[in-house]
Amino acid sequence: MPAFGKVLVANRGEIAVRIFRTLRELGISTVAVYSEADRASFHVAVADEAYLVGRGAPAESYLNQERIIEAARKAGAEAIHPGYGFLAENASFARACADAGLVWIGPPPEAIEVMGSKVAARELMQNAGVPIIPGTTEPVATAAEVTRLGEEFGWPLAIKASAGGGGKGLKVVEGPDEAERALAAAQREGESYFADATVYVEKFIADPRHVEVQVLADDHGTVLHLGERDCTIQRRHQKLVEETPSPAVTPGLRDEIGRLAVEAARAVGYRSAGTIEGLLDRDGNYWFLEMNTRIQVEHTVTELVTGVDLVREQVLIAAGEPTTVRPEDLRFSGHAIECRINAEDPSNGFLPTPGVLTRYREPAGPGVRVDSGVVEGSEISGLYDPLVAKLCVWDTDRERARARMLRALDEFEIEGVRTLVGFHKALLRRSCFAAGETCHGVVESEELAQEAEKLSHETTTIPRSPDGRVQEQFVEVEVDDRRFEVKVLRPEPPFAELARRRRERVAGGAGQSAAKDAVVSPMQGTVLAVEVADGDQVRAGQAICVVEAMKMENEITAHRQGLVSDLSVAPGEPVKTGQVICVVTQGGEPEDPANH
């Protein structure tokens with residue numbers, strides 16, 4: 001008999017589809033929820049039944065606890081799996097599910113609560129003998145405290161949102177002059193993303209490896225680890241490439257960090273699948289960073305080397321059954337790599353690139369796994385994170401896995417939005433990646449961005465505009481009994497030209513001078529903060545405002561030195577691509593911030 005008759009997945013996209021597949025293998029009926037923006041999404045079509053839970057904005061749909069529980073009641077679901085993100089690490093939602101008579105497929109709410117506060121988690125781990133990064137175990141509220149801690153621990157410092165994760169609410173402070181602004185930004189992100197502005201401070205570890213350990217625990221006394229994953233390749237503290245085993249972890253170190261992870265899970269009374277994240281410094285010291293009380297995006301690589309279906313184990317454990325994984329039977333085989341295929345433009349600061357997938361063909365073949373929630377024609381919405389798919393490969397060793405990934409990337413065809421396919425090709429060909437190094441300073445370098453740009457178009461015979469925007473059509477023809485598929489491309493005006501035209505339209509006849517003075521938003525999103533006011537003098541590159549798009553903060557900066565006027569945005573307001581934020585009239589000397 002299946003563990004449950006019917007399960008609702010309180011999520012969207014690839015993770016919803018991935019969970020549905022395991023549920024079907026277990027003989028369990030699947031229920032999807034969707035927002036108005038996701039009516040035509042793939043995860044809705046894949047589920048046995050689906051329920052609308054609100055408008056497009058996450059707060060009105062995927063974060064709406066009452067509507068999701070109501071959908072579960074209507075469907076007759078017995079349990080809810082939250083996936084990752086949204087409500088996955090929300091203790092109040094876990095309790096609300098239990099109160100509604102629904103089984104929560106995840107850890108106890110008490111564990112979520114403790115580990116959801118990084119301050120409380122650090123104190124708990126320290127008391128349990130798990131090493132933590134030097135820093136505070138109490139909240140920090142003022143720039144003066146940050147400055148004092150910098151003098152105590154040495155610069156740079158990291159200010160982190162206590163309820164944060166995934167790089168949200170994390171700011172690196174190089175010196176006392178940056179303390180006030182970094183503190184305010186970390187607090188703002190904490191409030192915006194996690195409804196908690198509490199922050200703490202710890203020593204910033206230079207060029208570490210980000211190494212995490214997968215744990216699994218049931219209600220029958222079993223707590224075990226399934227090896228480590230290396231997630232060092234990141235941009236803006238967001239993971240891009242994950243692999244297992246880590247190139248830097250020896251068998252002895254693996255046993256040690258695995259033991260620490262199990263101790264950490266036991267200390268918090270954990271149940272279900274979870275991840276202990278840590279930093280491995282240049283001297284071989286391993287420091288506890290945080291615990292993710294959910295299934296991870298990168299759980300796929302662990303599944304590939306262990307043969308364990310982690311979602312299946314979550315479902316069985318939630319049903320009160322013991323985990324089927326036994327430490328004595330666990331075997332680690334080969335090497336696995338995951339590349340996150342995001343709708344982002346590495347040549348433009350990794351800005352999100354929402355749009356419609358006009359062409360989408362996934363790679364296949366031996367050792368290739370693609371977890372996606374899209375098909376050709378799907379829309380990558382600016383309302384949610386920019387993940388299109390997770391491309392995963394397995395082979396007998398790391399070098400063969402790297403070669404297999406490059407082959408799979410070459411097969412991946414995505415058109416309509418900019419993605420990281422070319423970026424991953426460029427990165428995996430680098431000697432630093434081949435050697436298993438951290439590739440520090442390479443990921444966001446201009447050189448790699450240019451190489452990624454070139455590789456993104458190496459299969460295209462007709463030149464594109466600089467930003468890759470094209471109108472396209474595929475035509476099948478035969479010449480001398482040989483079939484060809486011809487891609488017909490008509491480049492649209494380059495981005496700079498589009499931006500110029502938008503400025504001129506908004507300027508409304510004010511002439512080229514006004515157009516050159518305008519600061520426009522390169523993306524659609526929501527204004528989180530405005531850093532200037534009308535009449536301020538600014539420097540070239542100085543922040544005008546902060547716009548959140550696809551779960552990422554982006555600074556809109558002044559393109560020249562000058563005087564700010566016609567400021568048209570405020571915190572909380574939406575902005576559109578090409579919208580004029582303000583005008584910066586050339587001239588004048590910006591006021592020295594040191595005089596404030």
Side-chain angles (χ1 to χ4, degrees), residues 116-119 133 135-136 138-150 153 155-206 234-239 289-290 344 349-352 385 444 519 521-523 525-533 536 538-558 564 567 569-575 581-582 590-594 596:
S117 166
K118 304 302 183 290
V119 172
I133 299 171
T136 67
E138 297 290 336
V140 172
T142 68
E145 291 178 81
V146 175
T147 300
R148 179 183 60 78
L149 291 165
F153 295 116
W155 303 99
L157 291 178
I159 303 178
K160 296 185 174 183
S162 179
K168 303 294 192 302
L170 186 158
K171 300 297 172 186
V172 177
V173 193
E174 297 290 345
D177 56 326
E178 299 179 10
E180 186 170 354
R181 185 175 180 192
L183 176 65
Q187 290 173 327
R188 181 178 66 245
E189 287 187 26
E191 180 63 37
S192 173
Y193 290 107
F194 312 106
D196 185 352
T198 305
V199 299
Y200 68 99
V201 169
E202 64 185 24
K203 175 68 177 171
F204 179 73
I205 307 296
Q234 304 183 11
R235 58 89 183 89
R236 298 184 189 173
H237 309 288
Q238 296 281 321
K239 299 169 185 174
L289 191 60
E290 63 184 3
E344 294 175 351
F350 290 91
L351 286 180
D385 75 47
E444 298 183 52
V519 175
S521 176
M523 72 204 76
T526 302
V527 177
L528 294 184
V530 177
E531 305 287 353
V532 299
D536 283 359
V538 294
R539 293 182 173 83
Q542 183 174 333
I544 299 293
C545 64
V546 180
V547 173
E548 186 271 332
M550 297 177 88
K551 294 189 175 181
M552 295 179 66
E553 282 200 10
N554 306 275
E555 283 191 347
I556 309 301
T557 61
V564 174
L567 188 65
V569 298
E573 291 183 351
V575 291
I581 302 297
C582 68
E591 187 174 354
D592 189 342
H596 282 287

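These numbers were taken from a predicted model, which means no experiment stands behind them.
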Enumerate, atom names and distances included, each donor-acceptor pair closer than 3.5 Å involving a side-chain atom of residues 140-147, sequence neighbours excluded.
{"from": "Thr142", "atom 1": "OG1", "to": "Glu145", "atom 2": "N", "distance (Å)": "3.2"}
{"from": "Thr142", "atom 1": "OG1", "to": "Glu145", "atom 2": "OE2", "distance (Å)": "3.2"}
{"from": "Glu145", "atom 1": "OE2", "to": "Ala141", "atom 2": "N", "distance (Å)": "3.0"}
{"from": "Glu145", "atom 1": "OE2", "to": "Thr142", "atom 2": "N", "distance (Å)": "3.1"}
{"from": "Thr147", "atom 1": "OG1", "to": "Ala143", "atom 2": "O", "distance (Å)": "3.1"}

Residues forming a side chain to side chain contact (heavy atoms under 4.5 Å, CB included) with [X], sequence neighbours excluded:
{"X": "Glu178", "answer": "Val173, Glu174"}
{"X": "Arg148", "answer": "Glu152"}
{"X": "Leu170", "answer": "Lys160, Val172, His237"}
{"X": "Pro139", "answer": "Val119, Thr198"}

When rounded to the nearest 0.5 angstrom, what is the spacing between [atom1] in [X] and [atom2] in [Y]?
{"X": "Lys171", "Y": "Arg188", "atom1": "NZ", "atom2": "CZ", "answer": "7.0 Å"}
{"X": "Glu191", "Y": "Asp196", "atom1": "CD", "atom2": "CG", "answer": "7.5 Å"}
{"X": "Ile581", "Y": "Ile544", "atom1": "CD1", "atom2": "CD1", "answer": "9.0 Å"}
{"X": "Tyr200", "Y": "Leu149", "atom1": "OH", "atom2": "CG", "answer": "13.0 Å"}
{"X": "Lys203", "Y": "Leu157", "atom1": "NZ", "atom2": "CG", "answer": "6.5 Å"}
{"X": "Glu189", "Y": "Glu548", "atom1": "CD", "atom2": "CD", "answer": "9.5 Å"}

Looking at every non-hydrogen atom in both residues, tell me the closest pair between [X] and [Y] and how far apart they are.
{"X": "Gly190", "Y": "Ala161", "value": "CA-CB, 4.0 Å"}
{"X": "Ala179", "Y": "Ile159", "value": "O-CD1, 4.4 Å"}
{"X": "Ala558", "Y": "Val538", "value": "CB-CG2, 3.9 Å"}
{"X": "Val527", "Y": "Val569", "value": "CG2-CB, 4.0 Å"}
{"X": "Val575", "Y": "Ser521", "value": "CG2-OG, 3.9 Å"}
{"X": "Ala186", "Y": "Gly169", "value": "CB-O, 3.8 Å"}

Would a 4.5 Å heavy-atom cut-off, applied to side chains only, mark [X] and [Y] as touching?
{"X": "Val530", "Y": "Glu573", "result": "no"}
{"X": "Pro571", "Y": "Val546", "result": "no"}
{"X": "Val532", "Y": "Cys582", "result": "no"}

(message) Just to verify, what does Glu555 make a salt bridge (charged side-chain N to carboxylate O under 4.0 Å, His left out) with, not counting sequence neighbours?
(response)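 Scan of Glu555 (salt bridge (charged side-chain N to carboxylate O under 4.0 Å, His left out), adjacent residues dropped) gives Arg181.
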(request) Please check if the side chain of Thr136 supplies one atom and the backbone of Val201 the other of a donor-acceptor pair under 3.5 Å. (result)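 Flag set: sc Thr136 to bb Val201 pair under 3.5 Å.
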(message) Can you confirm whether more than 12 heavy atoms, excluding those of Glu531, are under 6.0 Å from its CD atom?
(response)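 Result for CD/Glu531: enclosed.
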(request) Considering only NZ, NE, NH1 and NH2 on the basic side and carboxylate oxygens on the acidic side, decide whether Lys118 and Glu290 come within less than 4.0 Å. (result)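 Salt bridge present between Lys118 and Glu290.
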